[in-house]
Protein chains: 2
Amino acid sequence: MPTTPTAAADSPAFSPLYQQIKTLMTQSLQRGEWRPGEAIPSEAELAVRFKVSQGTVRKAIDELATDNLVVRRQGKGTFVATHAEERTQFRFLRLTPDDAAETGSTRRRFIDCRRQRAPADVARALALRTSDNAIRIRRVLYFRDLPVVLDDIWLPAALFKGLTAERLGSYRGPMYRLFESEFHVRMIRAEEKIRAVAADDTAAGLLELPPGTPLLSVERRSYTYGDRPVELRRGLYNTAAHYYRNELS
Amino acid sequence: MPTTPTAAADSPAFSPLYQQIKTLMTQSLQRGEWRPGEAIPSEAELAVRFKVSQGTVRKAIDELATDNLVVRRQGKGTFVATHAEERTQFRFLRLTPDDAAETGSTRRRFIDCRRQRAPADVARALALRTSDNAIRIRRVLYFRDLPVVLDDIWLPAALFKGLTAERLGSYRGPMYRLFESEFHVRMIRAEEKIRAVAADDTAAGLLELPPGTPLLSVERRSYTYGDRPVELRRGLYNTAAHYYRNELS
DNA sequence: GAGTGGTCTAGACCACACT
DNA sequence: GTGTGGTCTAGACCACTCC
């Protein structure tokens, strides 16, 4: 049960009730008590369970919704967010075609998928020991049969046992949906570092461009519950006919 | 006075009370009734003024705060957001040095500031007629005395009467603060389109780089109240020692 | 102590989806 | 109709800031 605010007042870090509820609910999500796509209990039920008013539960859920951990649907309930039903198919991919009418025909090709010791920089980014294994995936995304994105993806091997090139190749749907349904690893948020670089010979070959072509370099670190980093993804984007869109506020 | 929800129920678009309050408050901000940096009336006062409960005013202010139009400070009041007191000095500039310890020494150099007919693409982006005038500013940002950013900035001349290179050069502080205090144009949000390009001769000269160096091209369109576009900014960033950071969720 | 925003409650009623 | 989230209210009390 949550501590009442007054009882917690003598401790240095005062935490409102709804924050405590939010933490408890996040743990339920993390434990898998409520699974992606399913409805969580109604606000009234949760109010009873946590012995607080519905308004307090409501505020906790509000925050979970703005964090994109759950989705509210009026009249139906509140549902655990999932990468399964993204209308864009790629929730985290901010590439947009210059020609807005471009058909959604996309294709993937997996070049490589292997297990190896995590290099030092990858180990650091994923909070692994250098003795830990990592899975490295290399793939190309094609839009309208033209290669546009080359990704190098690093995952902690311990979390993705049994992930193979075959499994990746045969899966229909976004990669993050596979991670979520097969490996119970849900990507919550990510940070990206973006630069402009010149294509090296390898990238140029795979993206079918002259070496030296300017490419967008996007280094993404994705996190799951509890701010745990679980993916390092280094992408090279050909921005000749696409751009990376961003909103500032 | 806001229409009560029930009274508005017959019209097709139902709008909650707090949304109507939010709209009224946005208009007060736009009109300049409450000016940047100043405190707006307390929640209790606003509740009386709008004849609603404090909770409803509160929810309206909550949204204005998440939109970054106002800032709440417990115990003190709610204040109109301003570009004057950004700790980063550049609220919309997402460039970060690789070396996190880099000193904050920045310098600006204005290359050009002139008034001219808006080219077709600029006119379209700023919703101007092609007969309208625009102000074009070109400047370079230096970090540690090295040129890193080359900006081409387009503004509707009608909104920025009297803006000159001298005024720009003599002003201390962020450009958006100048716009806000001198021209009463407040930038609320912006959209960016990002690509990788090769430096042309001009850019290479100004950024002191070899022509052909990959640069980040950042096209920003900024909006003021009412989603009115008021700035088109085309930036070229040297990302050799800096990166563009972004958060996804 | 007075004034501000922040939290929490309890209850009423509305809008929406399903059946 | 029943159950869900969404809105609105009124009032109590807490935390923070300033005088």
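None of the values given here were measured: they were computed from a predicted structure.
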**Student:** Please say whether the positively charged group of A/R73, taken as NZ for Lys or CZ for Arg, lies over the ring of A/F79, i.e. under 6.0 angstrom from the six-membered ring centre and within 45 degrees of the axis.
**Tutor:**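 Yes, A/R73 sits over the ring of A/F79.
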**Student:** Give a yes or no on whether a salt bridge exists between A/R189 and A/D227, defined as a side-chain N under 4.0 angstrom from a carboxylate O.
**Tutor:**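 Salt bridge between A/R189 and A/D227, a charged N being under 4.0 Å from a carboxylate O: yes.
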**Student:** When you measure from the centre of the six-membered ring of B/Y243, is the NZ or CZ of A/R195 closer than 6.0 Å and no more than 45° off the axis?
**Tutor:**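 Judged by the rule, A/R195 and B/Y243 form no cation-pi pair.
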**Student:** Can you tell me which nucleotide in C/dA10, D/dG5, C/dG5 comes closest to the side chain of B/E43?
**Tutor:**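 Looking only at side-chain atoms, B/E43 lies closest to C/dG5.
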**Student:** For A/R91 and A/I188, work out which heavy atoms get closest and say how close.
**Tutor:**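 Minimum heavy-atom contact is NH2-O, 3.5 Å.
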**Student:** Taking A/A125's backbone N and O only, do any of them form a donor-acceptor pair with A/R221's side chain (distance below 3.5 Å, no angle check)?
**Tutor:**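 Checking the backbone N and O of A/A125 against the side chain of A/R221, a donor-acceptor pair under 3.5 Å is found.
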**Student:** What residues from residues 33-42 of chain A pass a heavy-atom cutoff of under 4.0 Å to DNA chain C?
**Tutor:**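 Those residues: none at all.
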**Student:** When Watson-Crick pairs (N1 to N3 and N6-O4 or O6-N4) and G-U wobble pairs (N1-O2 and O6-N3) count only below 3.5 Å on both distances, what is the dot-bracket string of DNA chain C, with | for other-strand pairs?
**Tutor:** ||||||||||||||||||.
**Student:** For A/Q54 and D/dT9, give me the distance from atom CD to atom C1', rounded to whole Å.
**Tutor:**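 These atoms are roughly 15 Å apart.
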**Student:** What orientation do A/Y176 and A/H83 show, parallel under 30°, tilted 30 to 60°, or perpendicular over 60°?
**Tutor:**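 The arrangement is perpendicular - the two ring planes meet at more than 60°.
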**Student:** Within residues 55-68 of chain A, find the residues that approach DNA chain C with a heavy atom at under 4.0 Å, and present them sorted by residue number.
**Tutor:**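 A/T56, A/K59, in order of number.
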**Student:** Using a heavy-atom cut-off of 4.0 Å across all strands, would you classify A/Q74 as base, sugar-phosphate, or nothing?
**Tutor:**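 Contact class for A/Q74: base.
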**Student:** Could you check whether any side-chain N or O of A/R220 sits under 3.5 Å from a backbone N or O of B/L248, counting only pairs where one atom can act as donor and the other as acceptor?
**Tutor:**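 Between the backbone of B/L248 and the side chain of A/R220 there is no qualifying donor-acceptor contact (under 3.5 Å).
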**Student:** Can you check whether A/Y18 has a side-chain N or O nearer than 4.0 Å to OP1 or OP2 of C/dT7?
**Tutor:**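 So the side-chain polar atoms of A/Y18 do come within 4.0 Å of the phosphate oxygens OP1 or OP2 of C/dT7, strictly under.
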**Student:** Are A/H242 and A/Y237 an aromatic pair, judged by ring center distance below 6.0 Å?
**Tutor:**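 Ring centres of A/H242 and A/Y237 not closer than 6.0 Å.
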**Student:** Rounded to the nearest Å, what distance is computed from the CG atom of residue A/L17 to the P atom of nucleotide D/dC13?
**Tutor:**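 Roughly 16 Å, once rounded to whole Å.
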**Student:** Atom CZ of A/F14 to atom P of D/dC16: distance rounded to whole Å?
**Tutor:**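 Nearest whole value for this atom pair: 8 Å.
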**Student:** Measure the distance from CZ on A/R73 to C1' on C/dA17 and round it to the nearest whole Å.
**Tutor:**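 Nearest whole value for this atom pair: 12 Å.
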**Student:** Specify the separation, in whole Å, of atom CZ of B/F79 and atom C1' of D/dC16.
**Tutor:**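 B/F79 atom CZ is separated from D/dC16 atom C1' by 12 Å.
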**Student:** Provide, to the nearest angstrom, the distance between the NZ atom belonging to B/K51 and the C1' atom belonging to D/dA10.
**Tutor:**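 About 18 Å, once rounded to whole Å.
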**Student:** For the backbone of A/E180 and the side chain of A/R186, can you confirm whether one donor and one acceptor N or O come within less than 3.5 Å of each other?
**Tutor:**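 Side chain of A/R186 to backbone of A/E180: no pair is present.
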**Student:** Would one find a side-chain N or O of A/S53 under 4.0 angstrom from OP1 or OP2 of C/dA10?
**Tutor:**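 Result: no.
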**Student:** Does B/Q20 use its side chain to pair, donor to acceptor, with the backbone of B/S15 at less than 3.5 Å?
**Tutor:**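 Pair found, side chain donor or acceptor close to backbone of B/S15.
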**Student:** Could you state the NZ-C1' distance from A/K22 to C/dT7, rounded to the nearest angstrom?
**Tutor:**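 Value for this atom pair: 16 Å.
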**Student:** Answer yes when A/E192 and A/R94 have at least one side-chain N-carboxylate O distance shorter than 4.0 Å, and no when they do not.
**Tutor:**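 Salt bridge absent between A/E192 and A/R94.
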**Student:** For A/S249 and B/N68, work out which heavy atoms get closest and say how close.
**Tutor:**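 So the minimum-distance heavy-atom pair works out to O-ND2, 2.5 Å.
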**Student:** Counting side-chain heavy atoms from CB outward, which of C/dC8, C/dG6, C/dA17 is closest to B/R72?
**Tutor:**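 My answer, after comparing the listed nucleotides, is C/dG6.
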**Student:** Phosphate oxygens OP1/OP2 of D/dC18: is one of them under 4.0 Å from a side-chain N or O of B/K76?
**Tutor:**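 So the side chain of B/K76 is within the cut-off, an N or O lying under 4.0 Å from OP1 or OP2 of D/dC18.
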